[in-house]
Number of protein chains: 2
Amino acid sequence: MSAGRNTLDDVVRAAARLFAQRGYHGTSMRDLGRELGLMGSSLYSHVGSKQDLLVEVVRRGAAFFGEVVERAMETEGDAIDRLRALVAGHVDVVVDHHDEVRTYLYEAWALDDEHRRRVVEARDRYEQAFRSVIKEGIAEGSIRPDTDPKLAGIFLLSILNALERWYREDGPVDRSRLVEEILRFSLDGIAADRL
Amino acid sequence: MSAGRNTLDDVVRAAARLFAQRGYHGTSMRDLGRELGLMGSSLYSHVGSKQDLLVEVVRRGAAFFGEVVERAMETEGDAIDRLRALVAGHVDVVVDHHDEVRTYLYEAWALDDEHRRRVVEARDRYEQAFRSVIKEGIAEGSIRPDTDPKLAGIFLLSILNALERWYREDGPVDRSRLVEEILRFSLDGIAADRL
DNA sequence: CCTACCGATCGGTAGG
DNA sequence: CCTACCGATCGGTAGG
């Protein structure tokens with residue numbers, strides 16, 4: 001839509017958009033060319049293959065989440081503060097980089113074995129961060145000692161990853177309220193206090 | 001793998017398996033034929049088109065969840081009992097009909113407009129069931145009155161829908177414990193009691 | 001970034 | 001359920 005030639009970054013962003021919308025196998029190089037106003041074959045002056053594009057989009061998605069963990073782990077305070085930083089950071093990434101996140105979450109299976117393996121590793125590390133913060137919380141007494149850190153981590157991550165499917169910032173819930181609602185649900189649950 | 005000719009049901013089940021594994025656009029009719037031990041073109045004596053297969057797999061997935069709501073709503077007792085029935089029923093469907101569920105959740109976007117519209121409606125009705133049980137719980141005093149039924153319903157459903165991605169029944173957590181862990185997380189949260 | 005093209009594969013049909 | 005095939009589209013290349 002803008003004037004002049006497309007940069008590699010334009011191509012990768014458009015690929016993220018289409019991969020997120022119709023999936024990797026549902027997107028052809030000619031579709032992507034149309035999106036950028038050029039012939040499908042012209043894309044090969046920017047990129048070596050369609051698979052390379054998927055690799056790069058997924059790499060960007062993974063990198064955003066990697067930064068979330070880094071920043072959250074540096075957060076001063078107790079485990080709940082770090083948990084809040086993880087949740088807030090995750091929400092920011094999902095909202096600000098929706099297409100890369102969606103491709104990272106749902107199209108990584110279309111990668112070759114080696115790249116897919118790396119994605120699985122990155123996800124494990126990410127899950128591990130949630131798990132260790134929960135363990136920290138148990139140790140310091142802010143989280144219930146009978147909590148299963150693995151299950152609790154998966155449940156919280158399930159809520160966070162699903163945001164991409166329904167949350168839109170122009171809706172009735174703003175970002176900071178969303179973060180508090182997720183923390184409230186996960187920390188306190190929805191049951192009335194049982195006396 | 002079994003002797004004799006394939007039935008329509010065999011074809012639909014194999015389609016569910018491949019659609020779940022590689023996606024609708026990642027599965028060719030020849031792939032599906034290979035899975036069943038016949039030529040891709042022979043599938044057209046069982047089915048009118050590839051799209052028809054997707055429609056049928058998705059329809060089955062939707063039907064399983066429809067039955068969960070029906071049974072749960074007939075459950076005697078209070079709102080928490082009905083919520084437990086929804087969670088247990090959902091877990092059963094995900095475990096027992098994994099491929100149909102996965103296709104229903106992640107490949108329905110590849111349907112034509114009319115069928116996709118119906119899927120969106122079915123999902124809305126399903127979400128609505130969770131929401132009304134939560135409202136019931138608020139009215140009867142078992143669920144905290146400041147709970148947002150819409151958000152809480154989405155959060156719980158996020159946990160349930162994500163099960164398909166990680167839960168395997170041959171792992172360390174059995175079905176009934178999984179149900180109790182999900183209910184515990186959602187109802188009580190993981191925070192230590194704040195005095 | 002385009003034109004002109006390649007072999008492979010796609011969903012699907014005709015006829016048996 | 002198979003053989004033989006159809007036109008369309010796929011990812012990608014050569015040469016400019």
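A, B, ... follow the sequence lines: proteins, then strands. Residue 1 opens every chain. The shown structure was predicted, so the numbers you read here are calculated from the model rather than taken from an experiment.
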Counting side-chain heavy atoms from C-beta on, which of [options] comes nearest to [X]?
X	options	answer
B:Ser41	D:dT13, D:dC1, D:dT3	D:dT3
B:Met29	C:dT13, C:dG11, C:dC1	C:dG11
A:Lys50	C:dG12, D:dG12, D:dC1	D:dG12
B:Tyr44	C:dA4, C:dG11, C:dC1	C:dG11

For atom [atom1] of [X] and atom [atom2] of [N], their distance in whole Å:
X	N	atom1	atom2	result
B:Met39	D:dT3	CE	C1'	10 Å
B:Asn6	D:dC2	CG	C1'	14 Å
A:Arg30	D:dT13	CZ	P	13 Å
A:Leu54	D:dG11	CG	C1'	14 Å
B:Asp52	C:dG11	CG	C1'	12 Å
A:His46	C:dC1	NE2	C1'	8 Å
A:Arg22	D:dC10	CZ	P	10 Å
B:Leu36	D:dC2	CG	P	11 Å

Would one find more than 12 heavy atoms of other residues, nucleotides or ligands at under 6.0 Å from atom CZ of A:Arg123?
yes

DNA chain D: A:Gly48 or A:Asp31, which has the more 5' nearest nucleotide?
A:Asp31

What do the steps show when you test A:Ser49 against A:Gln51 for side chain to side chain donor-acceptor pair (under 3.5 Å), and what is the final call?
CA-CA 5 Å; A:Ser49 70; A:Gln51 183 80 197; over 6 Å; no

Pairing partner of D:dT3 (Watson-Crick or G-U wobble, both distances under 3.5 Å)
C:dA14

Counting any heavy atom closer than 4.0 Å, what does B:Ser49 reach on the DNA or RNA strands: base, sugar-phosphate only, or nothing?
sugar-phosphate

Short side-chain N/O contact to [N] OP1/OP2 from [X], under 4.0 Å:
X	N	result
B:His25	D:dC10	no
B:Ser42	D:dC2	yes
A:Ser28	D:dT9	no
A:Ser45	C:dC1	no

Taking the side chain from B:Lys50 and the backbone from B:Thr27, do they hold a donor-acceptor pair closer than 3.5 Å?
yes

Does the separation of the ring centres of A:Phe64 and A:His90 fall below 6.0 angstrom?
no

Would you say the side-chain atoms of B:Asp174 and B:Ser176 include a donor-acceptor pair closer than 3.5 Å?
yes

